[in-house]
S.K.: 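What follows is a single structure, and I will ask about it in a moment.
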Amino acid sequence: MLLIALLVSSNLGPIPPSDGLPLVELQSMRSQLTQLINHHRSQYQLTQLGMDQLAQQAAQANAESMLAADKMSHIDNAGRTPMDRYLALGGKADYYGENVGFRSPAVVDPVLLWSVLAKLDEAMMAETPPNDAHRRNILSANYTAVGIGVAVGPNGVFIDEDFVGYHPK
């Protein structure tokens, strides 16, 4: 399991934080980020990732945990690892990996928020060996699905990408 954190900052300027993203915007950001991840995978002739509902719940919970703690981490405020969170929701996987990212200050405008998420993705894809764990997660043939978590608040923008894979039966 590859676990590593990414800290990326940009100069888009602060926008007053809210109590979180409206559900429709959250779903849109998740969809756009999944499409971007699948675009990267298609460039390497890898299968497209589907959406795993439980991984998404686990990813969202960790994004919110990081926001509340004002700390980027793979271990949530309850001391659970990514796989612990997934298993607690009833998930079963043969492979599980997580990418996390952070940007401060918070942005709530959808256009600026998408720009932040795209820059985080760009930074992950620009990684080079041996420090390329995010990129390897995105491009791993072991994964078949992804869950995306995005949390925005006074402490910034936190994202969590949870990748899931299963052995063929």
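Below, all heavy atoms of this structure are taken into account, side chains as well, without hydrogens, waters or symmetry copies. Just so it is clear, the model here is predicted, and its values are computed rather than measured. Residue numbers count from 1 along this sequence.
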S.K.: Do the side chains of Leu54 and Tyr166 join up, straight or via other hydrophobic residues, at under 4.5 Å, putting them in one cluster?
M.R.: yes

S.K.: Would you mind reporting whether His134 and Glu127 have side-chain heavy atoms less than 4.5 Å apart?
M.R.: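 Yes, at least one pair of side-chain atoms sits under 4.5 Å.
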
S.K.: Is there a path from Val24 to Val111 through hydrophobic residues (I, L, V, M, F, W, Y) whose side chains come within less than 4.5 Å of each other?
M.R.: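 No.
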
S.K.: Do Met29 and Pro110 touch side chain to side chain, with heavy atoms closer than 4.5 Å?
M.R.: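 SC-SC contact between Met29 and Pro110 confirmed.
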
S.K.: Just verifying a value: how many Å separate Asn131 CG and Arg136 CZ, rounded to the nearest 0.5 Å?
M.R.: 8.5 Å

S.K.: Is any side-chain heavy atom of Leu139 closer than 4.5 Å to a side-chain heavy atom of Leu46?
M.R.: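 Result yes, sub-4.5 Å side-chain heavy-atom pair found.
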
S.K.: Please report the interatomic distance NE2(His39) to CD(Gln48), rounded to the nearest 0.5 Å.
M.R.: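 Rounded to the nearest 0.5 Å, the NE2-CD separation comes to 10.0 Å.
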
S.K.: How would you list, by chain and number, every residue that makes a side-chain hydrogen bond (donor to acceptor under 3.5 Å, both in side chains) with Thr47, sequence neighbours excluded?
M.R.: none

S.K.: With salt bridge (Lys or Arg N to Asp or Glu O under 4.0 Å) as the rule and sequence neighbours excluded, what pairs involving residues 23-42 come up?
M.R.: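 Qualifying pairs: none.
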
S.K.: What pairs meet the salt bridge (Lys or Arg N to Asp or Glu O under 4.0 Å) rule with one or both residues in residues 75-84, with sequence neighbours excluded?
M.R.: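 Residue pairs passing salt bridge (Lys or Arg N to Asp or Glu O under 4.0 Å), neighbours aside: Asp76-Arg80, Asp76-Arg85.
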
S.K.: What salt bridge (Lys or Arg N to Asp or Glu O under 4.0 Å) pairs are there with at least one residue in residues 141-162, not counting sequence neighbours?
M.R.: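 Those involving residues 141-162 do not exist here.
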
S.K.: Heavy-atom distance under 4.5 Å between the side chains of Thr144 and Tyr95, does that happen here?
M.R.: no

S.K.: Please name all residues satisfying side chain to side chain contact (heavy atoms under 4.5 Å, CB included) with Ser31, sequence neighbours left out, ordered by chain then number.
M.R.: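 Applying side chain to side chain contact (heavy atoms under 4.5 Å, CB included) to Ser31 gives Gln35.
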
S.K.: Check Gly156 against Leu67 and note the closest heavy-atom contact, atom names and distance.
M.R.: O-CD1, 3.6 Å

S.K.: For His40 and Asp121, run side-chain hydrogen bond (donor to acceptor under 3.5 Å, both in side chains): C-alpha distance rounded to whole Å, both residues' side-chain angles, the deciding distance at 0.1 Å, then the answer.
M.R.: CA-CA 10 Å; His40 299 312; Asp121 176 80; 2.5 Å; yes

S.K.: Looking only at heavy atoms, which two atoms of Gly147 and Ala59 are closest? And how far apart?
M.R.: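 Smallest interatomic distance, heavy atoms only, reads O-CB, 3.5 Å.
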
S.K.: For the aromatic rings, using the six-membered ring if either is Trp, is the centroid distance between Tyr96 and Phe163 under 6.0 Å?
M.R.: no

S.K.: Can you see which heavy atom on Met51 is nearest to which on Ala145, and at what distance?
M.R.: C-CB, 4.3 Å

S.K.: To the nearest 0.5 Å, what is the distance between CG (Asn137) and CG (Asn99)?
M.R.: 4.5 Å

S.K.: Of all the heavy-atom pairs spanning Thr34 and Ile148, show the shortest one and how long it is.
M.R.: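 Nearest heavy atoms, Thr34 then Ile148: OG1-CG1, 3.7 Å.
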
S.K.: Which residues pass the side chain to side chain contact (heavy atoms under 4.5 Å, CB included) test with Ile75, not counting sequence neighbours?
M.R.: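 So Ile75 forms a side chain to side chain contact (heavy atoms under 4.5 Å, CB included) with Ser73, Thr81.
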
S.K.: Any chance you could lay out the side chain to side chain contact (heavy atoms under 4.5 Å, CB included) test for Asn62 and Val100, step after step, and finish with the verdict?
M.R.: CA-CA 9 Å; Asn62 193 48; Val100 296; 3.9 Å; yes

S.K.: Which residues pass the side chain to side chain contact (heavy atoms under 4.5 Å, CB included) test with Ser140, not counting sequence neighbours?
M.R.: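 Scan of Ser140 (side chain to side chain contact (heavy atoms under 4.5 Å, CB included), adjacent residues dropped) gives Asn142, Tyr143.
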
S.K.: Between Glu98, Met83, Met66, which is the residue that forms a side chain to side chain contact (heavy atoms under 4.5 Å, CB included) with His74?
M.R.: Glu98

S.K.: Check step by step if side chain to side chain contact (heavy atoms under 4.5 Å, CB included) holds for Arg135 and Met125.
M.R.: CA-CA 5 Å; Arg135 186 175 187 278; Met125 288 304 295; 4.1 Å; yes

S.K.: Apply the side chain to side chain contact (heavy atoms under 4.5 Å, CB included) test between Leu117 and each candidate in Ile159, Leu36, Leu112; give the one that qualifies.
M.R.: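 Among the candidates, only Ile159 passes.
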
S.K.: Please name all residues satisfying side-chain hydrogen bond (donor to acceptor under 3.5 Å, both in side chains) with Glu64, sequence neighbours left out, ordered by chain then number.
M.R.: Gln60

S.K.: Looking at every heavy atom in both Ala63 and Ala151, which two are closest together, and how far apart are they?
M.R.: O-CB, 3.4 Å

S.K.: Not counting sequence neighbours, which residues clear side chain to side chain contact (heavy atoms under 4.5 Å, CB included) with Ala69? List them please.
M.R.: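 Checked Ala69 against side chain to side chain contact (heavy atoms under 4.5 Å, CB included); matches are Lys71, Asn77.
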
S.K.: Please give me the minimum heavy-atom distance between Ala55 and Val164, naming the atom from each residue.
M.R.: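 Shortest heavy-atom separation between Ala55 and Val164 comes out as CB-CG2, 3.5 Å.
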
S.K.: Give the intermediate values and the outcome of side chain to side chain contact (heavy atoms under 4.5 Å, CB included) for residues Val116 and Phe102.
M.R.: CA-CA 9 Å; Val116 167; Phe102 166 77; over 6 Å; no

